[in-house]
Number of protein chains: 2
Amino acid sequence: MKVSVSGCSVEEAMRLLGGRWRLLIVSYLVDGPKRFNALRRDMPGISQRSLTLDLRALEESGLVQRTVWPTAPVRVDYALTQDGERLKPVVAVMKEFGLWLKERG
Amino acid sequence: MKVSVSGCSVEEAMRLLGGRWRLLIVSYLVDGPKRFNALRRDMPGISQRSLTLDLRALEESGLVQRTVWPTAPVRVDYALTQDGERLKPVVAVMKEFGLWLKERG
DNA sequence: CAGCATCCTATAAGATACTG
DNA sequence: CAGTATCTTATAGGATGCTG
């Protein structure tokens, strides 16, 4: 893939969040940490693989923190980092637009 | 592609705007109508084909208005519709996040 | 100028099976 | 429970050539 030339900030943001699921995942983390399978239940359409990959990408970007609890069986949860909290306005505004879209039909 | 089951509004919004370019295109229309080749210049990375397809999709969604001026050679411009103006907060917030992303590195 | 047509590659995403 | 591995399909996106 070609690297961004313009370096436009919207372009940068969309390259990180532009996927089908990432912002949706974030939207399910705004109210607090969630476990892997809880996220799966929130998003019936996502495959396990995509959820894993997107969570890894968000983790890599420092927006999501993955925590493994040393229980048996293992328990993992995902939470927004302080950086990730910066996505809250993005989620809010996107949700509002999405709602309007659905009402408009 | 599987149709959304949850009907979540964020998901709906991202299915419309989630591509690499669409929101960026919109961001270049917030200050007024633009012609096709002006948009191309704004986005050196986009192919002509993608620009056309994304503009058509935005037009189909009623967010962008395409106007053909009966000149020679033909002149076409694209503008946000009144519905499309609802994307302004989305663009604004995404730009802000992108700026922060770039500064953070 | 503003495309369309065709062909091609890259990336995203899903299905299924298996595991510590 | 929370994944990984592998294979496959779908979608996005790009390159090039041509046109009214």
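Excluded from the calculations below are hydrogen atoms, water molecules and symmetry mates; all remaining heavy atoms, backbone and side chain alike, are included. Note on naming: letters A, B, ... go to the chains in the order of the sequence lines (proteins, then strands), and numbering restarts at 1 for each one.
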Do [X] and [Y] have side chains that approach each other closer than 4.5 Å (heavy atoms only, starting at C-beta)?
{"X": "A:Asp42", "Y": "A:Lys34", "result": "yes"}
{"X": "B:Trp21", "Y": "B:Leu51", "result": "no"}
{"X": "B:Phe97", "Y": "A:Val10", "result": "no"}

Rounded to the Å, how far apart are [X] [atom1] and [N] [atom2]?
{"X": "A:Trp21", "N": "C:dT11", "atom1": "CH2", "atom2": "C1'", "value": "17 Å"}
{"X": "A:Met43", "N": "C:dA13", "atom1": "CE", "atom2": "C1'", "value": "14 Å"}
{"X": "A:Met14", "N": "D:dG13", "atom1": "CE", "atom2": "C1'", "value": "15 Å"}
{"X": "B:Leu51", "N": "D:dA12", "atom1": "CG", "atom2": "P", "value": "15 Å"}
{"X": "B:Arg20", "N": "C:dT11", "atom1": "CZ", "atom2": "P", "value": "9 Å"}
{"X": "A:Leu58", "N": "C:dA12", "atom1": "CG", "atom2": "C1'", "value": "15 Å"}
{"X": "A:Arg22", "N": "C:dA13", "atom1": "CZ", "atom2": "C1'", "value": "12 Å"}
{"X": "B:Leu53", "N": "D:dT11", "atom1": "CG", "atom2": "P", "value": "14 Å"}

Check whether any side-chain nitrogen or oxygen of B:Arg49 sits under 4.0 Å from OP1 or OP2 of D:dA12, and answer yes or no.
no

So does B:Ser47 get a side-chain nitrogen or oxygen closer than 4.0 Å to the phosphate oxygens (OP1/OP2) of D:dG14?
yes

Spell out, as yes or no, whether a donor-acceptor pair under 3.5 Å connects the side chain of A:Arg22 to the backbone of A:Leu16.
yes

Main-chain N/O of B:Leu63 paired with B:Thr81 side-chain donor or acceptor, under 3.5 Å:
yes

Which donor-acceptor pairs under 3.5 Å do the side chains of residues 82-96 of chain A make with protein atoms, sequence neighbours left out?
| unit_1 | atom_1 | unit_2 | atom_2 | d |
| --- | --- | --- | --- | --- |
| A:Asp83 | OD2 | B:Arg104 | NH1 | 3.1 |
| A:Glu85 | OE1 | A:Lys88 | NZ | 2.9 |

Partner set under side chain to side chain donor-acceptor pair (under 3.5 Å) for [X], not counting sequence neighbours:
{"X": "A:Arg75", "answer": "none"}
{"X": "B:Ser47", "answer": "B:Ser50"}
{"X": "B:Arg49", "answer": "none"}

Terminal axis angle for the helix from C:dC1-D:dG20 to C:dG20-D:dC1, five pairs an end, nearest 10 degrees:
60°

Expected rows: protein N/O vs nucleotides 1-3 of chain C N/O, under 3.5 Å:
| unit_1 | atom_1 | unit_2 | atom_2 | d |
| --- | --- | --- | --- | --- |
| C:dC1 | O3' | B:Arg35 | NH2 | 3.1 |
| C:dA2 | OP1 | B:Arg35 | NE | 2.8 |
| C:dA2 | OP1 | B:Arg35 | NH2 | 3.2 |
| C:dA2 | OP1 | B:Val76 | N | 3.4 |
| C:dA2 | OP1 | B:Val76 | O | 3.4 |
| C:dA2 | OP2 | B:Asn37 | N | 3.2 |
| C:dA2 | OP2 | B:Asn37 | ND2 | 3.4 |
| C:dG3 | OP1 | B:Arg56 | NH2 | 3.1 |
| C:dG3 | OP1 | B:Arg66 | NE | 3.3 |
| C:dG3 | OP1 | B:Arg66 | NH2 | 2.6 |
| C:dG3 | OP1 | B:Tyr78 | OH | 3.4 |
| C:dG3 | OP2 | B:Tyr78 | OH | 2.4 |
| C:dG3 | N7 | B:Gln48 | OE1 | 3.0 |
| C:dG3 | N7 | B:Gln48 | NE2 | 2.2 |
| C:dG3 | O6 | B:Gln48 | OE1 | 3.4 |

